[in-house]
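Below is one structure; the comments refer to it alone.
Quick note on labels: first sequence line is chain A, next is B, and so on, each numbered from 1.
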Amino acid sequence: MTDENFFEKVYAIARQIPAGRVTTYGAIAEALGTRGSARMVGYAMNGSGSVIPPVPAHRVVNRSGFLTGKRAFHSESLMAELLRNEGVEVLNDQVVDFKHLFWHPLK
DNA sequence: TCCATGACTTCCG
DNA sequence: ACGGAAGCCATGG
């Protein structure tokens, strides 16, 4: 393992996401200072399952509100289940009123 | 060191 | 408005 500073930053912000809220990879990337590394955010989240404390990766979706990362979970439906458990309505692998539930890391 | 991959985003047709 | 292609940064082989 080399310098995992980047991953730690992603995890830190992901853990700052309030329950019942969701954010986008680009927003996190921008909060890190690397706006173009939106893909890396998801890439880092891929290892979030092996990090402690646990990271609410299910609260992170793409800018369209789609659960693009649900495939990385143990079950593809688990991500939607977690969101619903927090009060976030998910329909057809998409967050309902995503625009309204959107949470900005810097805000 | 170079090439290939990816939980994204934006631009162009 | 919709679909396809390019750009982007970090990691691994």
Show me the donor-acceptor pairs, under 3.5 Å and distance only, between side chains in residues 27-37 of chain A and residues at least two apart or in other chains.
from, atom 1, to, atom 2, distance (Å)
T34(A), OG1, S37(A), OG, 2.5
S37(A), OG, T34(A), O, 2.6

Side chains of residues 12-20 of chain A: which donor-acceptor pairs under 3.5 Å do they make with residues two or more places apart or in other chains?
from, atom 1, to, atom 2, distance (Å)
R15(A), NH1, P53(A), O, 3.2
Q16(A), NE2, A12(A), O, 3.1

Result block: side-chain N/O donor-acceptor pairs under 3.5 angstrom for residues 64-72 of chain A, not counting sequence neighbours:
from, atom 1, to, atom 2, distance (Å)
K70(A), NZ, D93(A), OD1, 3.2
K70(A), NZ, D93(A), OD2, 2.5

Each nucleotide N or O in nucleotides 5-7 of chain C that has a protein N or O under 3.5 Å away: list the pair and distance.
from, atom 1, to, atom 2, distance (Å)
dG7(C), O6, R39(A), NH1, 2.9

For nucleotides 11-13 of chain B, give me every protein contact, N/O to N/O, under 3.5 Å, one pair per line with atom names.
none

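Going from atom CZ of R21(A) over to atom CZ of F98(A) covers 12.0 Å, rounded to the nearest 0.5 Å. Within the model, atoms OH of Y25(A) and OH of Y43(A) stand 14.5 Å from one another, a figure rounded to the nearest 0.5 Å.
Look at CZ on F6(A): it is 12 Å from C1' on dC8(B), rounded to the nearest Å. The CG atom of D93(A) sits 13 Å away from the C1' atom of dA7(B) (whole-angstrom rounding). As rounded to whole Å, 15 Å separates atom P of dA10(C) from atom OH of Y11(A). Rounded to an integer number of Å, the gap from OH of Y25(A) to P of dC8(B) is 6 Å. In this structure, NZ of K70(A) is placed 13 Å from P of dC8(B), rounded to the nearest angstrom. What separates CD of E76(A) from C1' of dA7(B) is a distance of 12 Å, to the nearest Å. Rounded to whole Å, atom P of dG12(C) lies 11 Å from atom CG of N46(A). The separation between I13(A) atom CD1 and dC8(B) atom C1' is 16 Å, rounded to whole Å.
For D97(A), there are no side-chain hydrogen bond (donor to acceptor under 3.5 Å, both in side chains) partners at least two apart in sequence or on another chain.
Contact check for F102(A) versus T23(A): side-chain heavy atoms found under the 4.5 Å cut-off. Looking at V60(A) and M45(A), their side chains come closer than 4.5 Å, going by heavy atoms from C-beta outward.
Residue R63(A) places its side chain closer to dT9(B) than to any other of dA7(B), dT9(B), dC9(C). Out of dT11(C), dA7(B), dT9(B), the shortest distance to the side chain of F7(A) is found at dT11(C).
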Derivation of the side-chain contact (heavy atoms from CB on, under 4.5 Å) call for V90(A) and V96(A) = CA-CA 6 Å; V90(A) 179; V96(A) 181; 5.9 Å; no

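Within the 4.0 angstrom heavy-atom criterion, no nucleotide atom of any strand lies near R71(A). At the heavy-atom level, A29(A) lies nowhere under 4.0 Å from the strands shown. Backbone-only engagement by N62(A) is indicated by non-hydrogen atom pairs under 4.0 Å involving sugar-phosphate atoms exclusively.
Residue R35(A) places none of its side-chain N or O atoms closer than 4.0 Å to OP1 or OP2 of dC8(B). The phosphate of dA10(C) (OP1 or OP2) has no side-chain N or O of T34(A) nearer than 4.0 angstrom.
Contact of Y43(A) with dA10(C) (side chain to base): no donor-acceptor pair of N or O atoms is detected under 3.5 Å.
Between E86(A) and R59(A) there is a salt bridge, since at least one side-chain N of the basic residue sits less than 4.0 Å from a carboxylate O of the acidic one.
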